[in-house]
Amino acid sequence: MEQPLALRFERIVNENLPKRKEMIRVLKENAMPADLFYKKGNGVKFILEKTGRLTDFKGIYGFLDGDKLVYIDESSYVIRRLVRQFKGNSKYQLKLATLMVATHQPSDSSFTSASALNKMKKMKIIFMDVPDDLERQLTTLYLQCQFECRYNRFD
């Protein structure tokens, strides 16, 4: 039987979120190069094989610029979502690039989507399984705030 929502929330906040934050520190040490996700011919199936996974998964992913997390988001299909961050053809699919342009353009009008994608290609990527929908959403917000991710916006 599933726990009442208030108890689930309490457990997630008091037990799981601090553990997830610590997991980020470990994941950062083993971050994957972005080229795995944007190189031509590297589709979801290929990336799943490279990461030792059989299927795509619900979870959280983050972009590292150097050793700093600059963007964290969640998805029901993490690998597919990461591929679309580079190869997508809409603002929604290219979400990080779109946010980067919006952040940089007020002071640098020459910063374009192409500039953002080039910058992203130099980053590293981390991800973790978080199958529970409530926990995934709470963890995403918690980590975005804890790591003060530059490109996550709350306005």
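These figures come from a predicted structure and were not determined experimentally.
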Path from [X] to [Y] over hydrophobic side-chain contacts below 4.5 Å:
X	Y	answer
Val83	Leu96	yes
Met23	Phe57	no
Ile79	Ile126	no

### Task
Mark yes when over 12 heavy atoms from residues, nucleotides or ligands other than Glu10 sit less than 6.0 Å from its CD; otherwise mark no.
no

salt_bridge([X], [Y]) N-O dist < 4.0 Å:
X	Y	value
Arg25	Glu22	yes
Arg81	Asp73	no
Asp133	Arg136	yes
Arg53	Asp129	yes

Give, for atom [atom1] of [X] and atom [atom2] of [Y], the distance between the pair rounded to the nearest 0.5 Å.
X	Y	atom1	atom2	value
Tyr38	Leu82	OH	CG	14.0 Å
Tyr77	Arg84	OH	CZ	10.5 Å
Gln85	Met123	CD	CE	10.5 Å
Asn16	Arg8	CG	CZ	10.5 Å
Glu49	Asn42	CD	CG	10.5 Å
Leu17	Arg11	CG	CZ	10.0 Å

### Query
With under 30° as parallel and over 60° as perpendicular, where do the rings of Phe37 and Phe86 fit, or are they tilted in between?
parallel

Has the side chain of [X] got a donor or acceptor atom that lies under 3.5 Å from a matching backbone atom of [Y]?
X	Y	result
Asn152	Ile72	yes
Lys28	Asp67	yes
Lys68	Phe147	yes
Gln93	Asn89	yes
Lys87	Lys39	yes

### Message
Between Thr103 and Phe111, is the side-chain contact (heavy atoms from CB on, under 4.5 Å) condition met? List the steps.
### Response
CA-CA 9 Å; Thr103 302; Phe111 195 87; over 6 Å; no

### Query
Does the side chain of Glu74 reach to within under 4.5 Å of the side chain of Val130, using non-hydrogen atoms?
no

### Message
Are Met32 and Thr51 packed together at the side-chain level, in the sense that at least one heavy-atom pair is separated by less than 4.5 angstrom?
### Response
yes

### Task
Could you walk me through whether Met100 and Leu117 pass the side-chain contact (heavy atoms from CB on, under 4.5 Å) test, one step at a time?
CA-CA 9 Å; Met100 289 172 73; Leu117 286 169; over 6 Å; no

### Query
Any idea which heavy atoms bring Val13 and Pro18 closest together, and the distance?
O-CD, 3.6 Å

### Message
Within 45 degrees of the ring normal and closer than 6.0 Å to the centroid, is that where the cationic atom of Arg153 sits relative to Tyr71?
### Response
no

### Message
Pair Tyr151, His104 - check side-chain contact (heavy atoms from CB on, under 4.5 Å), show working.
### Response
CA-CA 10 Å; Tyr151 297 117; His104 288 274; 2.7 Å; yes

### Message
Test of understanding: with side chain to side chain contact (heavy atoms under 4.5 Å, CB included), list the residues that count as partners of Ser110, not counting sequence neighbours.
### Response
Asp108

### Message
The test is side-chain contact (heavy atoms from CB on, under 4.5 Å); show your working for Asp56 and Val78 and say whether it passes.
### Response
CA-CA 6 Å; Asp56 212 338; Val78 170; 4.3 Å; yes

